[in-house]
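Worksheet: one structure, shown below.
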Amino acid sequence: MRASRFLIATQKETPADAVVVSHQLMLRAGLIRKMAAGLYNWLPLGLKVLRKVEHIVREEMNRAGSQELLMPMVQPAELWQETGRWQEYGGELLRFKDRHTNEFCLGPTHEEVITDLARVEIKSYKNLPANFYQIQTKFRDETRPRFGVMRSREFIMKDAYSFHINEESLQQTYDDMHTAYCRIFDRLGLDYRPVAADNGSIGGSGSHEFHVLADSGEDDIAFSTGGQYTANVELAEAVSPGERGVATETFTEVATPGAKTVEDVAQLLGVDNSKVLKTLIVRGKNLETDEDILVALVLRGDHELNEIKAEKLDIIAEPLQFASEEEVKAAVGASPGSIGPKGLTMPVIVDRAAAASADFLCGANKDGFHFSGANWERDIEIGRVEDIRNVVAGDPSPAGDGVLEIKRGIEVGHIFQLGDKYSKSMNATVLDENGKQTTMLMGCYGIGVTRIVAAAIEQNHDDNGIIWPNGLAPFDVAIVPINMHKSEAVTNQCETLYEQLVGSGFDPLFMDEAKARLGVMLADAELMGIPNVIIVGDRGLESGVVEYKNRRTGEKQEIPANGVVEFLKSLG
RNA sequence: CCGAGUGUAGCGCAGUCUGGUUAGCGCAUCUGCUUUGGGAGCAGAGGGUCGUAGGUUCGAAUCCUACCACUCGGACCA
């Protein structure tokens with residue numbers, strides 16, 4: 001490609017509203033331009049990169065035996081009503097009506113559509129397992145898009161769906177997809193980790209996320225120092241810290257005027273936050289009568305409630321909702337700042353770590369008072385003990401191999417075993433070998449294609465711009481002439497080189513604007529992350545050489561002017 | 001959705017508090033000349049409904065009201 005015929009939209013200055021480095025560099029290098037919140041134009045340069053990501057994803061999906069198809073982005077409401085998600089899915093689902101006032105939505109995901117397709121087309125166990133994928137634009141009306149294409153409303157996703165006659169088959173394909181995903185992220189040159197994950201609203205059982213490690217990531221990932229355990233903090237099990245300590249202090253009521261938070265109480269009494277137990281009141285239901293009730297959750301003061309874990313408890317309402325201050329006062333007789341587990345009439349759920357505390361402080365259910373020297377059993381009846389907190393760095397690994405540390409990750413892939421969640425509600429059945437109707441089992445497998453471009457930049461950049469991992473660069477090599485308008489020798493050499501490179505299967509960018517300055521061209525090439533640069537000038541040509549510069553290492557060397565193609569081939 | 005902040009040329013900003021000729025600067029763009037081995041210099045040019053609507057005033061980018069958009073933090077998130 002000649003630069004004179006290609007939109008190079010580089011910018012010297014960083015746009016003010018871009019916060020993370022990938023967003024800044026994507027704008028500066030001219031990969032994308034914003035249209036509106038969460039909506040982006042992909043410029044020619046950006047699209048070249050996006051296509052390379054798609055190409056790798058497509059090759060590996062095909063290799064893994066998945067079949068490519070394409071489903072509509074606009075989906076009829078009826079399908080979503082069948083699975084109940086028309087009501088359940090929140091504001092992220094963009095709903096609208098056509099001219100006949102029929103209801104539709106823009107597809108945020110395609111379980112309904114593929115299941116509808118499968119129930120019509122697949123009638124026999126002989127056609128199973130089947131695995132289909134598409135690479136397509138999705139729309140999710142995020143309340144707050146941010147970080148450029150990292151969290152946009154419209155984005156490109158590779159989504160795959162598999163269908164099975166039994167659990168073994170589902171597990172087999174799930175494992176195959178896990179392997180394929182590792183191949184994909186290896187080929188993309190990303191530093192990533194597969195992590196055990198929560199299933200979220202898509203439902204089903206068993207899932208892994210693939211995270212690219214980066215400080216700008218929006219997820220917390222727990223790793224064990226022994227290397228055996230990796231899980232999203234949403235899911236990571238907080239194991240019991242061990243035997244409860246021995247009670248040594250006397251149970252007393254202390255005045256704590258004005259102290260409302262754990263911090264206040266700990267400071268007032270000169271103890272660590274971990275010695276204070278906090279009590280949170282949430283909505284729940286009576287399992288026998290199904291009436292709405294309140295439930296108390298007790299955690300150590302230095303720990304955070306994990307809402308996902310809490311929601312999974314049968315007695316707690318989903319989604320998790322905190323009781324209002326008035327409800328707390330009515331039920332307990334004290335304000336939220338002074339409540340504790342002693343004498344509560346509602347069900348009490350105690351976190352494992354809180355259950356192991358001894359000689360702790362807690363609210364006295366009387367405004368302005370707390371108990372100190374409190375101990376379970378001796379002073380306060382202990383309720384149900386559950387894991388309801390977020391793990392923190394230093395917690396023991398659930399796999400027993402050392403302790404946990406926590407890093408930030410960008411979720412670029414997610415695989416699920418859906419089971420019969422969609423096939424059952426949509427009645428997607430096949431005849432088994434006995435001629436009996438059997439509900440198919442399903443798996444689904446997503447990769448955020450546009451997000452990968454941003455994640456790759458987060459991991460591969462320097463002060464001068466992007467440094468693409470092998471295989472993602474928009475061009476293989478830049479040809480940079482010096483004083484082309486003055487030197488016929490430089491012009492001829494560059495033209496020859498360009499033809500040779502194109503003829504040898506390279507994708508070069510010839511910076512052919514005659515009067516462009518060297519510094520500007522090099523700065524652009526570096527910003528765009530072109531991995532190899534060939535500088536052609538009269539000075540070198542006099543002795544038959546051109547200069548080669550490597551983007552990643554910054555190393556320069558002189559190479560024979562007529563040996564450039566061989567040299568680049570030798571780089572691999 | 002809650003809280004905070006910002007809207008002035010393609011990008012980055014000043015001017016707004018304290019209303020007053022023709023709204024300014026840097027980068028980018030175009031023309032000419034001189035330059036050219038790591039983001040050139042000089043001279044000139046184009047580009048603005050100052051987010052939108054209403055109001056106050058002799059006069060509004062500036063003050064008031066409402067709305068909109070965007071950004072950040074939170075909440076939410078296959």
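Proteins get letters first, then strands, A, B, ... in listed order; numbering begins at 1 in each.
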Assign [X] to base, sugar-phosphate, or nothing according to its heavy-atom contacts below 4.0 angstrom with the strands shown.
X: A:Met157; answer: base
X: A:Phe155; answer: base
X: A:Gly91; answer: nothing
X: A:Ala523; answer: base
X: A:Asp538; answer: base

**Message:** Looking at A:Ala77, is its backbone amide N or carbonyl O close enough to the side chain of A:Arg95 to form a donor-acceptor pair, meaning the two atoms are under 3.5 Å apart?
**Reply:**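 No; zero donor-acceptor contacts below 3.5 Å.
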**Asked** A:Arg551 and A:Glu526: salt bridge (Lys or Arg N to Asp or Glu O under 4.0 Å), yes or no, with the steps?
**Response** CA-CA 7 Å; A:Arg551 173 66 181 96; A:Glu526 286 173 4; 5.4 Å; no
Atom-to-atom span, [atom1] of [X] to [atom2] of [N] - whole angstrom:
X: A:Glu142; N: B:U71; atom1: CD; atom2: P; result: 13 Å
X: A:Tyr40; N: B:C70; atom1: OH; atom2: P; result: 10 Å
X: A:Glu547; N: B:G38; atom1: CD; atom2: P; result: 10 Å
X: A:Met521; N: B:U36; atom1: CE; atom2: P; result: 14 Å
X: A:Asp219; N: B:C76; atom1: CG; atom2: P; result: 13 Å
X: A:Asp17; N: B:C11; atom1: CG; atom2: C1'; result: 11 Å
X: A:Glu92; N: B:A75; atom1: CD; atom2: P; result: 15 Å
X: A:Leu235; N: B:C77; atom1: CG; atom2: P; result: 15 Å

From the options [options], select the nucleotide whose nearest atom is closest to the side chain of [X].
X: A:Lys34; options: B:U71, B:G39, B:U36; value: B:U71
X: A:His485; options: B:U71, B:C77, B:U35; value: B:U35
X: A:Ala16; options: B:G37, B:C13, B:G38; value: B:C13
X: A:Thr143; options: B:C27, B:A75, B:G39; value: B:A75
X: A:Ala37; options: B:C70, B:G26, B:U36; value: B:C70
X: A:Asp524; options: B:C72, B:C11, B:G39; value: B:G39

Could you check whether the side chain of [X] and the base of [N] have a donor-acceptor pair of N or O atoms closer than 3.5 Å, going by distance alone?
X: A:Glu526; N: B:G38; answer: yes
X: A:Lys12; N: B:G26; answer: no
X: A:Gln11; N: B:G10; answer: no

**Request:** Taking atom types as modelled, find out whether A:Arg119 and A:Tyr422 have a side-chain donor-acceptor pair closer than 3.5 angstrom.
**Result:**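 Absent: no donor and acceptor within the cut-off.
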If we take the [atom1] atom in both [N] and [M], what is their distance in whole Å?
N: B:C17; M: B:A75; atom1: C1'; value: 35 Å
N: B:C70; M: B:G51; atom1: C1'; value: 10 Å
N: B:G32; M: B:C72; atom1: P; value: 43 Å
N: B:U62; M: B:G55; atom1: C1'; value: 15 Å
N: B:G48; M: B:A61; atom1: C1'; value: 11 Å
N: B:G39; M: B:G7; atom1: C1'; value: 30 Å
N: B:U21; M: B:C11; atom1: P; value: 28 Å
N: B:G54; M: B:A60; atom1: C1'; value: 13 Å

**Item:** Parallel, tilted or perpendicular: rings of A:Trp80 and A:Tyr89 (30°, 60°)
**Value:**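 Geometry flag for A:Trp80 against A:Tyr89: perpendicular rings.
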**Request:** Please work out whether the ring planes of A:Tyr174 and A:Tyr445 are parallel, tilted or perpendicular, with thresholds of 30° and 60°.
**Result:**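 Taking A:Tyr445 first and then A:Tyr174, their aromatic rings sit tilted (interplane angle of 30° to 60°).
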If pairing requires Watson-Crick or G-U wobble contacts with both distances under 3.5 Å, which nucleotide is the partner of [N]?
N: B:A23; value: none
N: B:U6; value: B:A69
N: B:C77; value: none
N: B:G48; value: none
N: B:C63; value: B:G55
N: B:A14; value: none
N: B:A40; value: B:U34
N: B:A28; value: none

**Item:** Residue whose nearest RNA chain B nucleotide is more 5′ - A:Ala18 or A:Glu307
**Value:**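 Its nucleotide being nearer the 5' end, the pick is A:Ala18.
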**Prompt:** Which residue lies toward the 5' end of RNA chain B, A:Glu411 or A:Ala516, if each is placed at its nearest nucleotide?
**Reply:** A:Ala516
OP1 or OP2 of [N] versus the side-chain N and O atoms of [X]: is any pair under 4.0 Å?
X: A:Arg144; N: B:G73; answer: yes
X: A:Arg517; N: B:A40; answer: yes
X: A:Lys549; N: B:G38; answer: no
X: A:Arg146; N: B:G73; answer: yes

**Message:** Quick one, A:Val564 with A:Val546, criterion side-chain contact (heavy atoms from CB on, under 4.5 Å). Give me CA distance, side-chain angles, the key distance, then yes/no.
**Reply:** CA-CA 8 Å; A:Val564 173; A:Val546 295; 3.8 Å; yes
**Prompt:** Heavy-atom distance under 4.5 Å between the side chains of A:Val449 and A:Met157, does that happen here?
**Reply:**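 The answer is no, as the side chains (C-beta and beyond) never meet within the 4.5 Å cut-off.
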**Prompt:** Could you go step by step and tell me if A:Phe510 and A:Phe6 meet the ring pair (Phe, Tyr, Trp, His ring centres under 6.0 Å) rule?
**Reply:** CA-CA 10 Å; A:Phe510 177 14; A:Phe6 189 82; over 10 Å; no
**Asked** Within 45° of the ring axis of A:Tyr548 and under 6.0 Å from its six-membered ring centre, is that where the NZ or CZ of A:Lys556 lies?
**Response** no
